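Scroll down for the structure; my scribbles are underneath it.
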Amino acid sequence: MTAAIHSLGALIRTWRERLSPAAAGIASSGARRTAGLRREELALLAGVSVDYLTRLEQGRASAPSGQVVDSLARALQLDEDETAVLFRSANLLPPGGGRMDERVPPGIERMIERMADLPLAAFAADWTMLRSTPAWTALFAGVMEADAEPLNLAVATFLGRGGGPTPARHEDHEALEEALVADLRRSAAEYGEDPRFTTVVKRLRDGSERFRRLWDDGRATAHRSMRKRLVHDVIGQVDLDCDVLSVPGSDVKLIVYSADPGSEDAEALARLSTTAGGAGAVTPLVAAR
C-alpha cells in the first residue's frame, strides 16, 4: 500500500464515493458519474464549505479541527472503528481516546478461566495486571493481597514488589526491561494524558535511573512474542514461548507462556500448575474509574 491510501483526503474521498445519496437521505436526480455522494452534497451534510472539502481531499488542507472531523464522520455514516481511523489520519485522538481500557471482555474472561493450566495474564496499557490464571500465580507469584495495590509488571520489574521476590526470574532481565519501556513509550503516544498512565510513568522515572535512561532513549515499539529462559525456585530453568496477544477492540493485551508439548519444559510447567490448586482465574483489584 502507498502512503496516500492512508491519507486524510484519500479516506474522505473513498468513503464519500461509498455512501449512496439514498442512504444519506438525498434525492438523486440526473445522471451521476459515481454512485456515491458529490462533494457539494457531503459539504452540505457536514456543514463545511465545498472549497474547504476540496482542499482536504486534495491534501492542500491537512489540519482540520476535531469538530470538523466529527461532522465529516457523522455525514459519512462511519462506524466507531472508521471514525477512529479518520481522526488519526488528521493527527487527532478519536472521541473518547486518550483513556486506557481496563475492561476485560467476557469472552476473554472465559478463555482465561479455561486456560488455567497455562501461565496467562491480561494487562492494561500501563502494564497493570487485570486478570491472571493460577498457573501464572505459581510461576510469578502474581496474586496480591486484597488490600494491596494492583500488581504492575513495569513497577515490579524496575522498583521491586512489596510482596517479596518473584519465584521466577528472566535470565535476560535487561531485554525484559528494554521491551517494557519501549512498549510504554509506544502507548504514551495515545495515553499520555491518562492520569493512571502518567502516574505509573512518573513513579518509574522518579524511582529508577535505569528506567529513566531507557525512557529518554526514545525507543518505542510494541512488546513482541519471543522465546524466554526463566529460572524458577521450584522447577529450575525452563525455556518457554512468551506470546503477546492483542484483544480486538481493546488495548488490553494477553501474555501467555507455553512450552513444546512433551518437552521437559512442558512437564515442568505441568508440575508447577498442580501446585496452583486448580483454582479459578484470579482477579487482582483495579479501582474502577
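Reckoned from all heavy atoms, side chains included, excluding hydrogens, waters and symmetry mates. These numbers come from a predicted model, not from an experiment.
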Checklist entry - Quick one: CD on Glu41 to CG on Leu19, what's the gap to the nearest 0.5 Å? => result 9.5 Å
Checklist entry - Ile112 pairs by side chain to side chain contact (heavy atoms under 4.5 Å, CB included) with which of Leu130, Thr133, Leu118? => result Thr133
Checklist entry - In terms of hydrophobic clustering (I, L, V, M, F, W, Y; side-chain heavy atoms under 4.5 Å; direct or indirect links), are Leu245 and Met226 co-clustered? => result no
Next on the checklist: In terms of relative ring orientation, are Phe211 and Phe158 parallel, tilted or perpendicular, with 30° and 60° separating the classes?
Outcome noted: perpendicular
Next on the checklist: Set out, in order, the CA-CA distance, both residues' side-chain angles and the distance that settles side chain to side chain contact (heavy atoms under 4.5 Å, CB included) for Val244 and Leu254, then state yes or no.
Outcome noted: CA-CA 6 Å; Val244 183; Leu254 300 178; over 6 Å; no
Checklist entry - Which pair of non-hydrogen atoms, one from Gly218 and one from Arg185, has the smallest distance, and what is that distance? => result CA-NE, 3.9 Å
Item to check | Validation row: Ile255, Cys242 side chains within 4.5 angstrom (heavy atoms) | outcome: yes
Next on the checklist: Closer than 3.5 angstrom, by distance alone: can the side chain of Ser208 be matched with the main-chain N or O of Leu204 as a donor-acceptor pair?
Outcome noted: no
Checklist entry - After noting the C-alpha distance and the side-chain angles of Trp127 and Lys253, does the key distance pass the side chain to side chain contact (heavy atoms under 4.5 Å, CB included) rule? => result CA-CA 9 Å; Trp127 288 100; Lys253 48 189 164 251; 3.3 Å; yes
Next on the checklist: Here's a test for you: under side chain to side chain contact (heavy atoms under 4.5 Å, CB included), which of Asp70, Leu78, Leu92 qualifies with Leu86?
Outcome noted: Leu78
Next on the checklist: Testing the basics here: between Phe197 and Ala125, what is the closest heavy-atom pair and its distance to 0.1 Å?
Outcome noted: CE1-O, 4.0 Å
Checklist entry - If you draw a 6.0 Å radius around CD in Glu40, do more than 12 non-hydrogen atoms from other residues or ligands fall strictly inside? => result yes
Checklist outcome for this item: Taken in chain and number order and not counting sequence neighbours, the residues that satisfy side chain to side chain contact (heavy atoms under 4.5 Å, CB included) with Arg103 are Asp101
Item to check | Arg13 (side chain) donor-acceptor with Glu57 (main chain) under 3.5 angstrom | outcome: yes
Checklist outcome for this item: d(Asp239 CG, Asp260 CG) to nearest 0.5 Å is 9.5 Å
Item to check | NZ/NE/NH1/NH2 to OD/OE distance under 4.0 Å, Arg212 and Asp216 | outcome: no
Checklist entry - Does the side chain of Tyr257 come within less than 4.5 Å of Leu230's, by heavy atoms? => result yes
Checklist entry - Can you name the one residue among His223, Arg219, Arg224 that meets side chain to side chain donor-acceptor pair (under 3.5 Å) with Thr221? => result Arg224
Checklist entry - Are Ile12 and Leu44 connected in a single hydrophobic cluster, I mean Ile/Leu/Val/Met/Phe/Trp/Tyr linked by side-chain heavy atoms less than 4.5 Å apart? => result no
Checklist entry - Above 12 or not: heavy atoms from other molecules or residues under 6.0 Å from CD of Glu267? => result yes
Checklist entry - Do Asp51 and Arg55 pass the salt bridge (charged side-chain N to carboxylate O under 4.0 Å, His left out) test, and can you show the C-alpha distance, the side-chain angles, and the key distance before you say yes or no? => result CA-CA 6 Å; Asp51 177 68; Arg55 286 189 287 122; 3.2 Å; yes
Checklist entry - Where do Leu269 and Asp265 land on the side chain to side chain contact (heavy atoms under 4.5 Å, CB included) test, with the steps shown first? => result CA-CA 6 Å; Leu269 269 187; Asp265 296 317; over 6 Å; no
Checklist entry - Stepwise, does the side chain to side chain contact (heavy atoms under 4.5 Å, CB included) test hold for Leu139 with Leu272? => result CA-CA 7 Å; Leu139 188 61; Leu272 188 63; 3.7 Å; yes
Checklist entry - Roughly how far apart are Glu174 CD and Leu214 CG, rounded to 0.5 Å? => result 9.0 Å
Checklist entry - Nearest 0.5 Å, what's the NE2-CG distance between His173 and Leu176? => result 6.0 Å
Next on the checklist: Centroid separation under 6.0 Å, is that true for the rings of Phe123 and Trp136?
Outcome noted: yes
Item to check | Over all atoms of both residues, closest heavy-atom pair of Pro64 and Val69 | outcome: CG-CG2, 3.6 Å
Item to check | Atom pair CG/CG of Leu45 and Leu76 - distance to nearest 0.5 Å | outcome: 8.5 Å
Item to check | For the student: nearest non-hydrogen atoms of Ala268 and Val238, plus distance | outcome: CB-CG1, 3.8 Å
Checklist entry - Counting only heavy atoms not in Gln67, do more than 12 fall under 6.0 Å of its CD? => result no
Next on the checklist: Give me the atom names and distance for the closest heavy-atom approach of Leu56 to Ala61.
Outcome noted: CD2-O, 3.3 Å
Checklist entry - Just wondering, are more than 12 heavy atoms of other shown residues or ligands nearer than 6.0 Å to CZ in Arg74? => result no
Checklist entry - Hey, is Arg213 close enough to Glu177 for a salt bridge, meaning N to O under 4.0 Å? => result no
Item to check | Point-to-point distance, once rounded to the nearest 0.5 Å, from CZ of Arg39 to CG of Leu53 | outcome: 6.5 Å
Checklist entry - Closest heavy-atom contact between Ala46 and Ser71? => result O-CB, 3.4 Å
Checklist entry - Taking a hydrophobic cluster as the set of Ile, Leu, Val, Met, Phe, Trp and Tyr residues connected by side-chain heavy atoms closer than 4.5 Å, whether directly or through intermediates, do Phe87 and Val85 fall within one such cluster? => result yes
Next on the checklist: Can you see whether Thr128 engages Asp126 through a side-chain donor-acceptor pair at a distance of less than 3.5 angstrom?
Outcome noted: yes
Checklist entry - Does CZ belonging to Arg114 count more than 12 external heavy atoms closer than 6.0 Å? => result no
Item to check | Side-chain heavy atoms of Arg88 within contact of Glu190, under 4.5 Å | outcome: yes
